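Everything quoted here is computed from the prediction, not taken from an experiment. Per chain, numbering begins at 1; letters A, B, ... match sequence-line order.
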Amino acid sequence: MTATTPAIIDIIEPPKPLSRIVYEFARRNPTVIFGSSLLLGMVIIAIFAPLFAPGDPLALAPARRLRPPQEAYWFGTDMFGRDVYTRTIYGARISLIVGISVSALSTIVGLFIGLLSGYVRIIDAIIMRIMDGLMAIPGILLAIAMMALTKASVENVIIAITIPEIPRVVRLVRGVVLQIREQPYIEAAQSIGTRFHRVLLKHILPNVMAPIIVQATYICAAAVLIEAGLSFLGAGTPPNIPSWGNIMAEGRTFFQIAFWIILFPGLFLSVTVLAINLLGDGLRDALDPRLARRM
Amino acid sequence: MYAYLIRRILATIPVMAVVAVFVFSLLFLSPGDPAAIIAGDLATADDIARIRERLGLNEPFLVQFGKWTFNLMQGDLGVSIFSNLPVSKLMLQRLEPTLMLTTTTLIIAICAAVPMGVIAAWKAGTIIDRGVMLFAVLGFSFPSFVLGYLLIYGFAIKLEVLPVQGYTSISKGFGPFLNNIILPSMTLGMVQAALIARMTRTSVLEVLAEDYIRTAHSKGLATSKVLIGHALKNAAVPIVTIIGISFALLIGGAIITESVFAIPGLGRLTVDAILRRDYPIIQGVILVFSGAYVLVNLAVDIIYTFLDPRIRY
């Protein structure tokens, strides 16, 4: 019996300071830290673009076109003599704005529809049939169709990428809700007369949050990729805005003689997507151990 | 079993119906005048009126939808605004390169990814496992158009061992066909391979923890036989599922890859249609690709019952 006493004392530890909690989280989840640092770097570049690249991303200079990377033009110049470095730095803005807006919008709309669908039986069947149909259309194709029918603008690109992503969120949220609503504690809450919206907000919503945060990061990565893809195909951001996809699309014709026009925005794009994906993987492992084992 | 099959096949009908309704309604849901946008900035009022007439935008919604669905049932996907040719004919002409590209991509991706995933699971926690997982994360993150140009630069421009761009039909010989298709397939297959490798690893890892694997080992079965005959066989269902689900990514990627490698397939048809805002072609491509996606996933569901006799519906 005496042997158990010290163990009990061990359990009652003094509360840890916040810095210690953060440090331990970082040590256990290195990918989250690595991914979020990379992403943070990209966000800083995007916000302070004029500081990193003092020039004008649209300034034409036909005399110095197609220069290879050198001291004055780190990433070279394109066929109109524009500085690829300046354009690439400014391109970070479009990609991040689109990525963040799409993940926020599709999560909010998807969360709302998903909660409704999971909780109200009558409309569930209808909503899920519509979602199944939407999910059968490859996302980029649906976005292409919508872009073909509207004027090219960043807002329209965001909407066109958001709509195909919504069903993924709805399915996820609905799945969690269906699972939780059968739990005894929900039944208990309802039987003591807890109001519907309170059950939703206090019991269901917290359970949905972890998987939805993970999903939102993956949607952000997908949105950045789709925006670049759409712009590359000529169905995305208007060509006068230097987005990574646009820069690469313009460099296509010259890529055999001026490879740098495609290489540098491509690398920035890949690093950004990698950072968001790493963050997503790390968050998934940290927030949802059950899901982590399955993937 | 048969009842399940029939139910599963019937379930594809509402899905395709939603796709059709949605694709058709987009013309009406989009803000502004679609006829004016399709006609472009330089169009006169006459041009816009002509396009509105051609798309049937003057008639009531339900009448238009009825006509369109009726034609669709007979395989009529409408007429291209730009070339005046039937969309189905235009698509049929471009079908072969896309079909070949997606098929070779899937073959390459599966052949590369499944062994990688199995070995990663077998050697879980080692440097090999980490290498495969790193490949999987990178494969997700490298967009096909970046990877495509990197491969072109390496193999076609620097090493000069493969052609830069283009497509040769398989009817002109297998060698030239393979020469042209290998880089695009690797480009397109990267994401697929990453997804499949990851799913294979997880799935096999789960099976390797089962008692019957220990039994198989302890009765002296060779490791390769345990891995392939026992582990992979029992891990097959999630792997086949992910191949079905990732088919949508494959189609989306094919459009971009065809554009990078100048392959005259359905993707190029789509891109040309975007530039000319030829909406009937885009509509047709979506319907056919979504139909293919639904059919592939139907096939996947049916394959389940053969792969895993425990699954009873």
*Do you know the tightest heavy-atom contact between B/P143 and A/L269?*
CG-CD2, 3.4 Å

_Heavy-atom cut-off 4.5 Å, strictly under: side chain, backbone, both or neither for A/M131 against chain B?_
neither

*Identify which of B/G291, B/G267, B/S290 forms the greatest number of heavy-atom pairs closer than 4.5 Å to chain A.*
B/S290

*Do other residues, nucleotides or ligands put more than 12 heavy atoms under 6.0 Å from the CZ atom of B/F65?*
yes

*Begin with the C-alpha distance, continue with both residues' side-chain angles, and end with the deciding distance and a verdict on side-chain contact (heavy atoms from CB on, under 4.5 Å) for B/V18 and A/D132.*
CA-CA 8 Å; B/V18 170; A/D132 285 347; over 6 Å; no

*Using non-hydrogen atoms and a 4.5 Å limit, figure out which bit of A/I226 sits close to chain B: side chain, backbone, both or neither.*
neither

_Contact origin within A/I137 toward chain B - heavy atom pairs under 4.5 Å_ = both

*Sort out for me which of A/P138, A/A136, A/A145 touches chain B most, counting heavy-atom pairs under 4.5 Å.*
A/A136

*Answer with side chain, backbone, both or neither: which region of B/V294 has an atom nearer than 4.5 Å to a non-hydrogen atom of chain A?*
side chain

*State the CE-CG distance between B/M133 and A/D281, to the nearest 0.5 angstrom.*
7.5 Å

_If I measure from the heavy atoms of chain A, does B/V164 come under 4.5 Å with its side chain, its backbone, both, or neither?_
side chain

_So for B/F142, is it side chain, backbone, both, or neither that comes closer than 4.5 Å to the heavy atoms of chain A?_
both

*Euclidean distance, B/S141 OG relative to A/L225 CG, rounded to 0.5 Å*: 7.5 Å

*What part of A/I276 gets closer than 4.5 Å to chain B, counting heavy atoms only: side chain, backbone, both or neither?*
neither

*B/I152 and A/F255: side-chain contact (heavy atoms from CB on, under 4.5 Å), yes or no, with the steps?*
CA-CA 10 Å; B/I152 292 178; A/F255 88 98; 3.5 Å; yes

_Residue A/A221 versus chain B: region with a heavy atom under 4.5 Å_ = neither

*Drop me the distance from B/I245's CD1 to A/M135's CE, to the nearest 0.5 angstrom.*
7.5 Å

*Check whether A/N277 gets within reach of chain B through its side chain, its backbone, both or neither, counting any heavy atom under 4.5 Å.*
side chain

*Is there a side-chain contact between A/L142 and B/F22, using heavy atoms and a 4.5 Å cut-off?*
yes

*Quick one: are B/L150 and A/L263 in side-chain contact, heavy atoms under 4.5 Å?*
yes

*asked:* Using 0.5 Å steps for rounding, measure from the CD1 atom of B/I255 to the CD1 atom of A/I144.
replied: 4.5 Å

_Under 4.5 Å from any heavy atom of chain A - which part of B/I286_ = both

*For B/G252 and A/I140, which heavy atoms make the closest approach, and how far apart are they?*
CA-CG2, 3.4 Å

_Contact origin within A/I163 toward chain B - heavy atom pairs under 4.5 Å_ = side chain

*Describe, in one word, how the ring planes of B/F145 and A/F232 are oriented to each other, choosing from parallel (under 30°), tilted (30 to 60°) and perpendicular (over 60°).*
parallel

*Work out which heavy atom in B/V19 is nearest to a heavy atom in A/G133; give both atom names and the distance.*
CG2-O, 3.3 Å

*Closest approach of A/G234 to B/I274 (non-hydrogen atoms, all atoms of both residues)*: O-CG2, 3.9 Å

*For B/R277 and A/M147, work out which heavy atoms get closest and say how close.*
NH1-O, 3.3 Å

*At a heavy-atom separation under 4.5 Å, does B/L147 approach chain A through its side chain, its backbone, both, or neither?*
neither

*Are side-chain heavy atoms of A/L233 and B/I256 found at a separation under 4.5 Å?*
yes

*B/Y149 versus chain A, heavy atoms under 4.5 Å apart: side chain, backbone, both or neither?*
both

*Considering residues, nucleotides and ligands other than B/F24, do more than 12 of their heavy atoms fall under 6.0 Å from its CZ?*
yes

*Under a 4.5 Å heavy-atom cut-off, does chain A meet the side chain of B/T270, its backbone, both or neither?*
side chain

*Which bit of B/L26 is near chain A, if near means a heavy-atom gap under 4.5 Å: side chain, backbone, both or neither?*
both

*For A/A228, is it the side chain, the backbone, both or neither that has a heavy atom under 4.5 Å from a heavy atom of chain B?*
both

*Hey, could you give me the CZ/CD1 distance between A/F259 and B/I157, rounded to the nearest 0.5 Å?*
6.5 Å

*Identify which part of B/P14 has an atom lying under 4.5 Å from any heavy atom of chain A, answering side chain, backbone, both or neither.*
side chain

*Is it the case that more than 12 heavy atoms not belonging to A/F254 sit under 6.0 Å from its CZ atom?*
yes

